[in-house]
Amino acid sequence: MNPQLDEDRRTTGPNPSDAPRLSLSVVVPCANEEEVLLETHRQLTAALAQLSLTFEILYVDDGSTDSTPGILRQLQLGHDRVKVLRLSRNFGHQVAITAGMTYAGGDAVVVIDADLQDPPEVIAEFVKSWREGYDVAYGVRTERQGENAFKRGTAKLFYKIIGWLSNTDIPADTGDFRLMDRKVVNALLSMEEHDRFIRGMVSWLGFSQLAIPYRRKSRLAGKTKYPLVKMIRFAIDAILSFSTIPLKVATGFGFLASGMAVVGILLAFY
Ligand code: UDP
Ligand code: MG
């Protein structure tokens, strides 16, 4: 980020006269989202038009096999501010977000799901915090509409386990719905982790971060792209990336097993 720009924003606060100089990129990962995309685009554009800054929307098509690519092409042809990135196959949510961030040119980047579970109006609150000087503004879900008790329970358990095992303080009830300043985006992109757990990586990076509570809505249409198996894989990746305890436990068991084998051999000789 331009240090002068950064300095201006911090010292002058929400000054409308310098606001238009700031630009925002909004990254939207999309995997088979044909049912919602047009409405998402309408609501997102309406919310962004309220903010006094320039913006671009970067849709990342994560190997969709429905009519998502066609819809995105239409949006791109009809709107200057729309960019579309099409991945060669389905790589998963975290890779899609990372790819989008790589091509984002804004002074800050917002990540938002394509299914309108994250309300676009909350972006205004993120931007307000950013203008006040925070480097990250992240959404915390105070309510999770349309999620069954199982999904809520497993999410709670996941944050408990990662809280016990990891030295990084990863806030509970968050997702990737957040705004990150350019310097956070650059730092995140410089990390070459293969299995990425972006919300954890952003916490690990430090910088000034503010929690913004919001009500997470139900998916507008379509089905979740996170079935149980994918969710468990994601949780395991996150825990393994953010804690060495599983590795230490595995090593401990390895030593124990070899110790017992040696004792067994000695006993057999005896
Ligand atoms: N998504 C993606 N690639 C995937 C799975 C999901 O880009 O492999 C996108 C999806 O289109 C949505 C967001 O990631 O915009 C979150 O997915 P979803 O709503 O299915 O997850 P849930 O909210 O049910 O946890
Ligand atoms: Mg969703």
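Atoms within a ligand are numbered from 1 in the order they appear, just like the ligands themselves. From a predicted model like this one, the values you see are computed outputs, not experimental measurements.
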Taking the basic N atoms (NZ, or NE/NH1/NH2) and the acidic carboxylate oxygens, is any pair closer than 4.0 Å for Arg219 and Glu33? yes
What protein heavy atom sits nearest atom 1 (N) of ligand 1, and how far off is it? Ala31 CB, 3.8 Å
Applying side-chain hydrogen bond (donor to acceptor under 3.5 Å, both in side chains) to Gln74 and Gln76, what does each step give before you reach the verdict? CA-CA 5 Å; Gln74 291 307 317; Gln76 187 185 14; over 6 Å; no
Among protein heavy atoms, which lies nearest atom 14 (O) of ligand 1, and at what distance? His93 CD2, 3.1 Å
Heavy-atom side-chain proximity of Leu188 to Met101 below 4.5 angstrom: yes
Do me a favour and list the nearest non-hydrogen protein atom to atom 18 (P) of ligand 1 with residue, atom name and distance? Arg219 NH2, 3.6 Å
Verify the ring-centre separation between Phe126 and Phe177: is it less than 6.0 angstrom? yes
Purely on distance, is any nitrogen or oxygen of Glu33 under 3.5 Å from one on ligand 1? yes
Give the cluster check for Ile71 versus Leu116: same hydrophobic cluster or not, with ILVMFWY residues linked at side-chain heavy-atom distances below 4.5 Å. no
Under 4.0 Å from ligand 1, counting heavy atoms only, is it the side chain of Lys225, its backbone, both or neither? both
Considering only heavy atoms of Lys230, which atoms of ligand 1 have at least one such atom less than 4.0 Å away? 4 (C), 5 (C), 8 (O)
Check for me whether Gln94 has a heavy atom closer than 4.0 Å to any atom of ligand 1. no
Nearest protein heavy atom to atom 19 (O) of ligand 1, by residue and atom, and its distance? Asp115 OD2, 2.7 Å
Within 2.8 Å of the Mg ion (ligand 2), is there any N, O or S atom belonging to Asp113? no
May I ask you to identify, for Gln117, whether its side chain, its backbone, both or neither come under 4.0 Å of ligand 1 on a heavy-atom basis? side chain
Protein contact to atom 25 (O) of ligand 1 [nearest heavy atom, distance to 0.1 Å]: Lys151 NZ, 3.1 Å
Pick whichever of Gly100, Gly63, Gly175, Pro29 has a heavy atom sitting closest to atom 7 (O) of ligand 1. Pro29
side-chain hydrogen bond (donor to acceptor under 3.5 Å, both in side chains) evaluation trace for Glu34 with Ser67: CA-CA 6 Å; Glu34 62 183 4; Ser67 61; 2.6 Å; yes
Please tell me whether Phe234 and His93 form a close aromatic pair, meaning their ring centres lie under 6.0 Å apart. no
Applying a heavy-atom cut-off of 4.0 Å, say which part of Asn32 lies close to ligand 1: side chain, backbone, both or neither. neither
